[in-house]
Amino acid sequence: DIFVNPSSLGDAWHKDKVVVAMLPGSEKGRRPEGRVVRVLERGAGVLPAAVVRKLGRDLYLAKPTDQRYPFNLMVSIAPGQSRPAPGEVLLARPGERLERGLYKADAAEVLGREEDVAVQERLVKAAHGVPGEFPPGALAEAAALPEVPGKADFAGRKDLRRLPLVTIDGAKARDFDDAVCVQKEGRGYRLWVAIADVAHYVRPGSHLDQEARERGNSYYFPSSVEPMFPEKLSNGLCSLNPDVPRLCMVAELLFGPDGQVRGEDFYAAVMQSHARLTYAQVHRALEGNDPAEQKALAAHLPMLRQAEALARVLNRMRSGRGSLDFDLPEPEIRFNYMGEAVDISPRPRTFAHQIIEEFMIAANEAVARLLTDRGLPCVYRVHEDPDPDKLAAAMQLLSRSSLGPSLPKPRAGGLAPKDLQNVLATAQGTDMEYLAGRLLLRTMMQAKYATRHQGHFGLASECYCHFTSPIRRYADLLVHRSLKAALTGDAPALPSPQKLSDWCVDISARERVAMEAEREILKRLTVIVLSGRVGESFTGVVSGVSDYGFWVELDQVLAEGMVRLSSLTDDYYMHVPERQEIWGRHTRRRFGLGMPVKVLLTDVNLSRQEINLGLQSA
């Protein structure tokens with residue numbers, strides 16, 4: 001880890017691959033320091049940029065929309081391309097440096113107004129390298145596939161077309177890769193989890209396979225999707241649409257009354273979804289006891305009640321072993337009929353979501369156990385133990401609070417998931433709930449894919465993989481290939497262990513790209529939504545502190561903005577990092593994590609993705 005001072009970056013940009021020369025005389029105990037001597041490879045071939053002004057007939061001054069590119073572009077517009085107006089966004093291919101802070105560039109495409117949702121999505125996709133159109137080879141292979149599976153595809157498969165399997169997804173979902181069915185059996189339950197058999201159609205090394213591996217996963221945006229497979233597969237042949245035959249891989253699990261697995265079976269099958277249900281429908285029928293919804297779902301209601309009962313058993317069992325649930329609300333952008341972002345609010349989450357989540361976790365664990373027991377290659381979903389330094393700091397901070405006497409004692413090997421679950425449970429319903437949840441969440445490592453079995457800390461699972469979404473995650477497709485090998489006795493259609501390990505690194509990196517892109521578009525659309533609400537008051541809680549201000553998470557719109565210390569004029573405020581607080585030197589007024597505040601929205605800046613707040617009262 002080499003520190004490079006901004007003055008030593010030379011001509012290097014964010015994401016560039018560079019050669020760094022080490023500087024002599026680094027102080028003992030500090031990171032070594034270096035300077036960039038050569039750029040080997042540009043990380044960004046195309047940069048989204050906002051037009052500042054017109055310089056000539058075909059020449060425009062533009063500034064990259066990503067603040068990590070601190071320079072300007074002199075962009076040439078080719079004949080036939082539309083001419084942008086100031087404030088509009090274009091995609092530019094940067095070239096040679098003209099002078100310090102200014103580069104020549106050619107316009108690849110003019111996107112349009114910066115405030116437009118579609119423009120923002122295109123901008124974010126380009127900035128993060130999110131793939132768009134499929135190459136001809138992949139499209140040709142998809143086009144050659146049938147519209148529906150034929151009888152020849154059914155050979156050697158169990159026929160589950162009469163089993164009342166249903167899909168339960170969000171109202172806007174278009175690709176359905178999992179279907180479920182539950183039946184009471186004695187004091188226990190039998191669960192079928194049927195997953196789209198993508199591996200039947202996507203052969204290793206094919207154009208479709210290579211493109212899916214490079215994409216790593218599908219990319220979801222508020223008003224668009226960049227899928228891992230062409231629509232012919234993702235929304236058609238592999239999607240478990242209702243009332244049509246589909247090929248699937250099945251995990252059939254028998255549970256005792258305590259939620260423990262008493263028997264399991266895995267096989268290839270042909271199924272036919274009996275209904276495409278939404279979370280809202282299932283919630284209204286089961287938890288809301290809505291007579292109209294119960295009448296509409298009458299044919300499926302008995303099975304759904306069994307599914308709810310089993311899911312509650314599984315949830316209690318998983319909670320008992322220490323599985324962590326930070327219960328963070330997910331934001332949802334709302335659009336008007338013109339496609340403009342007009343509001344952002346918490347996405348509704350009910351036990352209907354939990355039903356599917358419990359069943360998917362159970363199926364993932366069962367497949368991971370099978371592959372591990374058989375000694376077959378498996379792409380595990382790994383969640384390592386929390387960062388020990390961050391966890392120690394969090395526990396030190398919590399020890400000064402009312403939670404101090406109930407905190408677990410440090411021990412060799414570190415704390416277990418159950419220990420952290422107990423901290424969250426103790427804090428629940430108290431004024432420490434927010435602080436405990438956020439501090440512990442920040443100690444968590446990022447989940448990743450790996451070929452080595454390491455367990456999943458957050459789920460308190462000893463053996464875990466991703467099996468249930470092969471339409472949108474390449475890791476799941478690899479697991480399906482190993483599962484097929486386990487069932488047939490053939491060698492799995494996977495690369496060498498080293499190459500498989502390299503693929504895990506690659507698809508973990510692509511997952512991070514998807515997360516960062518989705519996070520950025522939400523932030524950008526939030527700024528657009530709030531741009532019309534400057535001057536309004538909001539309530540919120542302090543969600544983070546720094547030496548120049550503190551962040552506030554707004555209650556009403558699930559947005560986060562900053563109150564800068566420079567805006568607080570009643571005292572001189574200083575950052576106290578060991579307490580994660582801001583203190584007034586004379587008034588001793590304090591602002592710390594979880595503290596409720598009332599703020600005024602003073603300003604937003606789309607290009608910097610900033611939401612600026614002023615404090616009204618504490």
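In what follows, every heavy atom counts, from backbone to side chain, and hydrogens, waters and symmetry copies are set aside. Sequential numbering from 1 along the given sequence is applied to the chain's residues.
- Contacts of Asp153 classified as salt bridge (Lys or Arg N to Asp or Glu O under 4.0 Å), with partners at least two apart in sequence or in another chain: none.
- A donor atom on one side chain and an acceptor atom on the other are not found under 3.5 Å apart for Asp343 and Ser345.
- Using a 3.5 Å distance cut-off with no hydrogens or angles, the side chains of Tyr474 and Asp209 do pair a donor with an acceptor.
- Using modelled atom types, one finds a donor on one side chain and an acceptor on the other under 3.5 Å when comparing Thr372 with Tyr380.
- Annotation: cation-pi pair Arg369/Tyr464 absent, no NZ/CZ under 6.0 Å from the ring centroid and within 45° of its normal.
- In this structure, Glu185 CD and Leu191 CG are separated by 11.5 Å, a value rounded to the nearest 0.5 Å.
- Around atom CD of Glu462, no more than 12 heavy atoms belonging to other residues, nucleotides or ligands sit under 6.0 Å away.
- Looking at residues two or more places apart in sequence or on another chain, you find a salt bridge (Lys or Arg N to Asp or Glu O under 4.0 Å) between Arg157 and Asp197.
- Figure legend: cation-pi geometry between Lys125 and Phe221, with NZ or CZ positioned under 6.0 Å from the six-membered ring centre and within 45° of its axis.
- Cation-pi geometry between Arg381 and Tyr449 is met: the NZ or CZ atom falls under 6.0 Å from the ring centre, inside 45° of the normal.
- A salt bridge does not link Glu365 with Arg318: every distance from a Lys NZ or Arg NE/NH1/NH2 to an Asp or Glu carboxylate oxygen is 4.0 Å or more.
- With sequence neighbours excluded, no residue forms a salt bridge (Lys or Arg N to Asp or Glu O under 4.0 Å) with Arg316.
- Arg203 and Ser206 share no side-chain donor-acceptor pair at under 3.5 Å.
- No side-chain N or O of Asn217 forms a donor-acceptor pair with one of Glu511 less than 3.5 Å apart.
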